[in-house]
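Just below is one structure, and these are the notes that go with it.
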Amino acid sequence: QVQLVESGGGLVQAGGSLRLSCAASGLTFSMSTMGWFRQPPGKGREFVVGISRVSGSTFYGDRVTGRFTISRDNAKNTVYLQMNSLKPEDTAVYYCAADRRWTAARMPTEYNYWGQGTQVTVSS
């Protein structure tokens with residue numbers, strides 16, 4: 001059974017930083033492309049950033065380039081999202097996702113496995 005468990009969310013002031021973690025189990029982590037998505041209040045789920053299986057290549061959404069960084073530790077089966085220079089518009093529930101089929105997936109439908117989400121709130 002695949003499980004993805006996010007942690008690290010919380011309340012932060014604008015300009016601050018947070019690091020989210022996603023611990024995976026029940027899948028071959030190194031062979032899985034990992035993605036972070038977010039869902040702002042009242043809006044749809046949007047792609048934030050992803051990291052490819054095997055090569056570890058990263059691919060970013062338009063709104064976070066230069067502020068957010070994704071990384072993975074295959075020995076710990078964990079993917080991280082470092083978020084800097086946070087803005088109020090970054091407020092959302094952040095979800096971790098995994099899939100073995102793609103190397104650069106940006107659509108929610110391309111991911112088979114999802115975590116339960118962690119709330120990030122950025123105050124102005």
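Just the heavy atoms: all of them, side chains too, but no hydrogens, waters or symmetry mates, feed the values below.
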- Query: Which hydrophobic side chains are connected to Leu86, either touching it within the sub-4.5 Å cutoff or through other members that do?
  - Reply: Val2, Leu4, Val12, Leu18, Leu20, Leu27, Phe29, Met34, Trp36, Val48, Val49, Ile51, Tyr60, Val64, Phe68, Ile70, Val79, Leu81, Met83, Tyr94, Tyr113, Val120, Val122

- Message: Less than 4.5 Å apart, side chain to side chain, heavy atoms only: is that true for Arg63 and Glu46?
- Response: yes

- Candidate pair Cys96 and Trp114, rule side-chain contact (heavy atoms from CB on, under 4.5 Å), full reasoning: CA-CA 6 Å; Cys96 171; Trp114 291 85; over 6 Å; no

- Taking the side chain from Gln13 and the backbone from Ser123, do they hold a donor-acceptor pair closer than 3.5 Å? no

- Query: Which atoms form the tightest heavy-atom contact between Ser52 and Ala104, and what is the distance?
  - Reply: OG-N, 4.4 Å

- Without swapping roles, check the side chain of Glu6 against the backbone of Gly117 for a donor-acceptor pair under 3.5 Å. yes

- Is the charged tip of Arg19 near the ring of Tyr80: under 6.0 Å from the six-membered ring centre and within 45° of its axis? yes

- Query: To which residues is Met31 joined in a hydrophobic cluster, defined by side-chain heavy-atom contacts under 4.5 Å among Ile, Leu, Val, Met, Phe, Trp and Tyr, whether direct or through other members?
  - Reply: Val54

- Query: Between OG of Ser32 and CZ of Arg101, what distance do you get to the nearest 0.5 Å?
  - Reply: 11.0 Å

- Item | Closest non-hydrogen atom pair, Ser17 against Gln82 | CB-NE2, 3.9 Å

- N/O donor-acceptor pair under 3.5 Å between Arg38 side chain and Val93 backbone: no

- Under the 3.5 angstrom rule, does the side chain of Thr91 hit a backbone N or O of Thr121 as a donor-acceptor pair? no

- Query: Distance-only, no hydrogens or angles: does the Thr78 side chain make a donor-acceptor pair with backbone N or O of Lys76 under 3.5 Å?
  - Reply: yes

- For the side chain of Gln3 and the backbone of Ala24, is there at least one donor-acceptor N/O pair under 3.5 Å apart? no

- Message: A cation-pi test, strictly: NZ or CZ of Arg45 under 6.0 Å from the centre of the six-membered ring of Tyr95 and no more than 45 degrees from its axis. Yes or no?
- Response: yes

- Message: Within this structure, what is the CZ-CD distance for the pair Arg106 and Glu110, rounded to the nearest 0.5 Å?
- Response: 9.5 Å

- Note on the structure: Residue set satisfying side-chain hydrogen bond (donor to acceptor under 3.5 Å, both in side chains) with Asn112, at least two apart, ordered chain then number -> Asp99

- Should Asp90 and Arg67 count as side-chain neighbours, where that means a heavy-atom distance under 4.5 Å? yes

- Please report the shortest heavy-atom distance between Arg53 and Thr33, naming the atom on each side. N-OG1, 3.1 Å

- Quick one: are the ring centres of Phe47 and Phe37 less than 6.0 Å apart? yes

